[in-house]
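Accompanying notes for the structure given below.
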Amino acid sequence: MSSNHYIQAFVHIKNETVSLHGNTLLAAPKTDFSTFSKTAYKELGTKYPKFFKMDRLSKLAFLAADVLLKNDKDPQENTAIVLSNRASSLDTDMKHQNTIADAANYYPSPAVFVYTLPNICIGEISIKHKLFSENSFFIFDRFNANYLFDYAESLLKTKKASKVLCGWVEVDAGNYEAFLYLVSDTGAIKHTIKEITRLYKL
Amino acid sequence: MSDLKQELKEKIIEQLNLEDVAVEEIGDNDALFGDGLGLDSIDALELIVMLDKDYGIKLSDPKEGRKIFESVEVMANYISEHRTK
């Protein structure tokens, strides 16, 4: 499938580092995700008190999306979101399981339970940035540039969206990694599978 | 009673992840929902679980929470009267 679209912007969050277009925005000391995400929230000027109520997957997706979208000079409410990962919401699923494993101490937390689906992070992004378009969250064995490319192209070519926020957002067993990119009609990098793969590996 | 109110403020901040709120910023009679602390419906459910887990109070009707969670003062009075642990 050929494309007339571009990767307008991209962001990575991994190893206590946030980078936009490959340029480091924040490099924090080695720490756990909870501490890092608080540092990133403050240092990146994120203003959204409900951030602290989110689970780790949503915090990661939210931080990455916020960097991209608040730097977008032409924001469109008709921006679709297509995210993916390997572990789904397992990080929070296990946290929820721990609250219901003991019948004598059975106190499931509503605030934890609401995050036991991976696509909740898309809702958090959509609420903050007032996005009303299509959204999907896919589970793959590994980063799947082909699938994300085809899906984003389909949304753009059928006019279901004017921009698509795509990428990978993974939290599992203490590890985390986010790579999000924004596909639109303008930009310096052609929207191709080869470029998506190259940027992911930066 | 003042110890219980202090305890409730600390629990509300910790369990509802109110990261940018300090204990001294919550007045005894401040509204917890709406224009006050701005808590939402999930927070209300979380407070219902807290009443059960920490004070042995089971609310059979979640709508009861509307009155009980009006403020820390009202919560503390209700807990003092109904707690089983």
Side-chain angles (χ1 to χ4, degrees), chain A residues 28 31-63 66 89 91-92 95-117 119-121 123-124 126-128 171, chain B residues 7-27 30-70 72 75 78-79 82-85:
Chain A
T31 183
D32 56 65
F33 180 77
S34 175
T35 305
F36 168 69
S37 64
K38 279 184 196 172
T39 302
Y41 176 88
K42 289 173 185 162
E43 295 292 324
L44 298 173
T46 315
K47 298 203 170 23
Y48 197 62
K50 285 191 183 292
F51 174 82
F52 296 104
K53 293 173 177 287
M54 297 179 196
D55 74 339
R56 298 200 293 180
L57 181 65
S58 287
K59 281 180 177 170
L60 180 61
F62 185 91
L63 283 172
D66 201 55
S89 56
D91 183 59
T92 300
K95 196 173 173 185
H96 173 62
Q97 174 65 27
N98 287 337
T99 68
I100 60 173
D102 180 3
N105 190 29
Y106 188 91
Y107 296 106
S109 162
V112 172
F113 180 73
V114 292
Y115 287 100
T116 56
L117 283 172
N119 58 331
I120 303 303
C121 67
E124 298 286 10
S126 299
I127 291 167
K128 168 68 163 46
V171 175
Chain B
E7 179 182 301
L8 282 172
K9 291 174 186 176
E10 289 170 2
K11 282 178 186 287
I12 287 170
I13 289 172
E14 185 188 341
Q15 297 192 15
L16 304 185
N17 294 307
L18 304 178
E19 190 75 21
D20 49 358
V21 177
V23 167
E24 52 273 19
E25 290 177 322
I26 306 177
D30 285 355
L32 298 181
F33 292 82
D35 293 334
L37 273 186
L39 303 185
D40 60 24
S41 57
I42 299 296
D43 294 323
L45 293 173
E46 204 67 37
L47 291 176
I48 289 173
V49 173
M50 185 186 84
L51 284 186
D52 186 6
K53 185 177 180 180
D54 297 346
Y55 303 105
I57 299 171
K58 288 185 185 298
L59 295 186
S60 54
D61 180 4
K63 288 178 183 171
E64 286 180 75
R66 285 185 187 176
K67 289 181 183 173
I68 298 164
F69 302 141
E70 186 180 307
V72 168
M75 272 183 84
Y78 186 85
I79 290 169
H82 297 87
R83 67 189 303 170
T84 60
K85 64 180 179 184

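Lettering follows sequence order; numbering is per chain, from 1. Hydrogens, waters and symmetry mates are skipped; everything else that's a heavy atom, side chains included, is used. Owing to the predicted nature of the structure, the values given are computational and were not obtained by experimental measurement.
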More than 12 non-hydrogen atoms from neighbouring residues, nucleotides or ligands closer than 6.0 Å to [atom1] on [X], yes or no?
X        : atom1 : answer
A:Phe113 : CZ    : no
B:Lys85  : NZ    : yes
B:Lys53  : NZ    : no

Does the side chain of B:Val49 come within less than 4.5 Å of A:Pro110's, by heavy atoms?
yes
At a 4.5 Å cut-off on heavy atoms, which part of B:Leu16 comes close to chain A: side chain, backbone, both, or neither?
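It is both, since atoms from each part get that close.
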Looking at A:Ser109 and B:Glu46, what are the two nearest heavy atoms and their distance?
OG-OE2, 2.9 Å
Is it true that A:Lys50 and B:Asp40 have a side-chain N and a carboxylate O under 4.0 angstrom from each other?
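Salt bridge between A:Lys50 and B:Asp40, a charged N being under 4.0 Å from a carboxylate O: yes.
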Applying side chain to side chain contact (heavy atoms under 4.5 Å, CB included), can you list everything that pairs with A:Thr92, at least two apart in sequence or on another chain?
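For A:Thr92, the residues satisfying side chain to side chain contact (heavy atoms under 4.5 Å, CB included) (neighbours in sequence not counted) are A:Asp55, A:Val112, A:Tyr115, A:Thr116.
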